[in-house]
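I have placed the structure first, in the form of structure tokens, so that the comments after it can refer back to it.
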Protein chains: 2
Amino acid sequence: MGASKTDFFTDKQNGIATLTKALGHPARIAIIEYLVKVDTCICGDIVNELPLAQPTISQHLKELKNAGLIKGNVEGNAICYCIDEKAISKLQDYFANISAKLQKKNMCC
Amino acid sequence: MGASKTDFFTDKQNGIATLTKALGHPARIAIIEYLVKVDTCICGDIVNELPLAQPTISQHLKELKNAGLIKGNVEGNAICYCIDEKAISKLQDYFANISAKLQKKNMCC
DNA sequence: TTTTAATATTGCAATATTACGATAAATATA
DNA sequence: TATATTTATCGTAATATTGCAATATTAAAA
């Protein structure tokens, strides 16, 4: 095998898993944090920020974009990538909701 | 290759990536949601909840446990798994922090 | 002690991910 | 137009993940 059985889970579950999976690599976390840090969205120099080759960064950016975590605008011959706030909000809400539900329970362990 | 270059990233980045990676599969999201839903922590019947074989569930549980998202207590010949609230809090805080920082910026795209 | 029940581990096949060199594509600049 | 710059894609090797059948382990119950 090797392929996830996504058909058997709800759209919401698959949606959250898509977002968390995309963030499940330190390089992609680092890219998100870099995008948060810089004021402008000119992101061509992520390559200089991370110890990875340009094709590898490009691939990571593609995965973040496919998952909906970042957006990309062509800006001359460079590309302006930036965070899609909606995706972050979705994750924030998701974990806040779980936290709230856990507060109401007395866990056994 | 195939192995992530974890050495080049910060502990915090690797820590978040470990948590999100563990959640990056719909079955593991479903397990977490099941653990949130049930009042008691008697979790032996996760196998009946999901369309996956017992060894597969056991493997997913192991990954969630290794990442620190769930804890497991031996309870007779069954095992009581439950969510580790600290891990969820960590994720909630992380995304809340990013959201807050994004509010203060005017994104270009 | 034998049996039963609940989980974990092993071994394996199919597939996915990670990383990068080489190269292509697209656009700006000289 | 030729060249430089930026980013994407292709091809490939190494490794990781997913899933399950078979089997082992562990502890309760008979």
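Computed from a predicted structure; not experimentally measured. In the text below, chain A, chain B and the rest are named by the order of the sequence lines, each starting its count at 1. Side chains are part of it too, since the values below use all heavy atoms of this structure and drop only hydrogens, waters and symmetry mates.
Protein atom CD1 of A/I46 is 14 Å distant from nucleotide atom P of D/dT6, rounded to whole Å. Atom-to-atom, CD of A/E49 to P of D/dT7 comes out at 14 Å; the value is rounded to the nearest Å. Between the CD atom of B/Q59 and the C1' atom of C/dT9 there is a distance of 10 Å, rounded to whole Å. Regarding A/K62, its NZ atom lies at a distance of 16 Å from the P atom of C/dA19, rounded to whole Å. Between the CD1 atom of A/I79 and the P atom of C/dT27 there is a distance of 10 Å, rounded to whole Å. Going from atom CG of A/D45 over to atom C1' of D/dT6 covers 12 Å, rounded to whole Å. Rounded to an integer number of Å, the gap from B/L52 CG to D/dT18 P is 11 Å. C/dT18 atom P lies 13 Å from atom CG of B/N14, rounded to whole Å.
Comparing B/T56 and A/T56 along DNA chain C, the residue whose closest nucleotide (by nearest heavy atom) sits nearer the 5' end is B/T56. Where A/K21 and A/K65 meet DNA chain D, the nucleotide closest to each residue was compared, and A/K65 sits on the side nearer the 5' end. Taking the nucleotide of DNA chain D with the nearest heavy atom to each of A/S58 and B/G24, the more 5' of the two is matched to A/S58.
Between the B/N14 side chain and the B/T10 main chain, a donor and an acceptor come within less than 3.5 Å of each other.
For B/E63, the side-chain atoms get nearest to D/dT18 when compared with the rest of D/dT18, C/dG21, D/dC20. Comparing C/dT7, D/dT9, D/dC20 by their nearest atom to the side chain of B/A78 picks out C/dT7. The side chain of B/H60 sits closest to D/dG19 out of D/dT18, C/dA8, D/dG19. In the set C/dA19, C/dT9, D/dG19, the nucleotide with an atom closest to the side chain of A/H25 is C/dA19. Comparing D/dC20, C/dT7, C/dC20 against the side chain of B/Q54 picks out C/dT7 as the nearest. Nearest to the side-chain atoms of B/N77 among the listed nucleotides C/dG21, C/dA6, D/dT18 stands C/dA6.
Side-chain polar atoms of A/K62 and A/N66 form no donor-acceptor pair below 3.5 angstrom.
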* What do the steps show when you test A/Y94 against B/E33 for side-chain hydrogen bond (donor to acceptor under 3.5 Å, both in side chains), and what is the final call? -> CA-CA 11 Å; A/Y94 185 76; B/E33 291 181 355; 2.6 Å; yes
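Side-chain contact between A/H60 and A/H25 is present, with at least one heavy-atom pair separated by less than 4.5 Å. Counting heavy atoms from C-beta on, the side chains of A/Y34 and A/D45 come closer than 4.5 Å.
Residue B/Y81 places no side-chain N or O under 4.0 Å from the OP1 or OP2 atom of C/dA6.
Residue-level contact check: A/I57 touches neither bases nor backbone, having no heavy atom under 4.0 Å from any strand.
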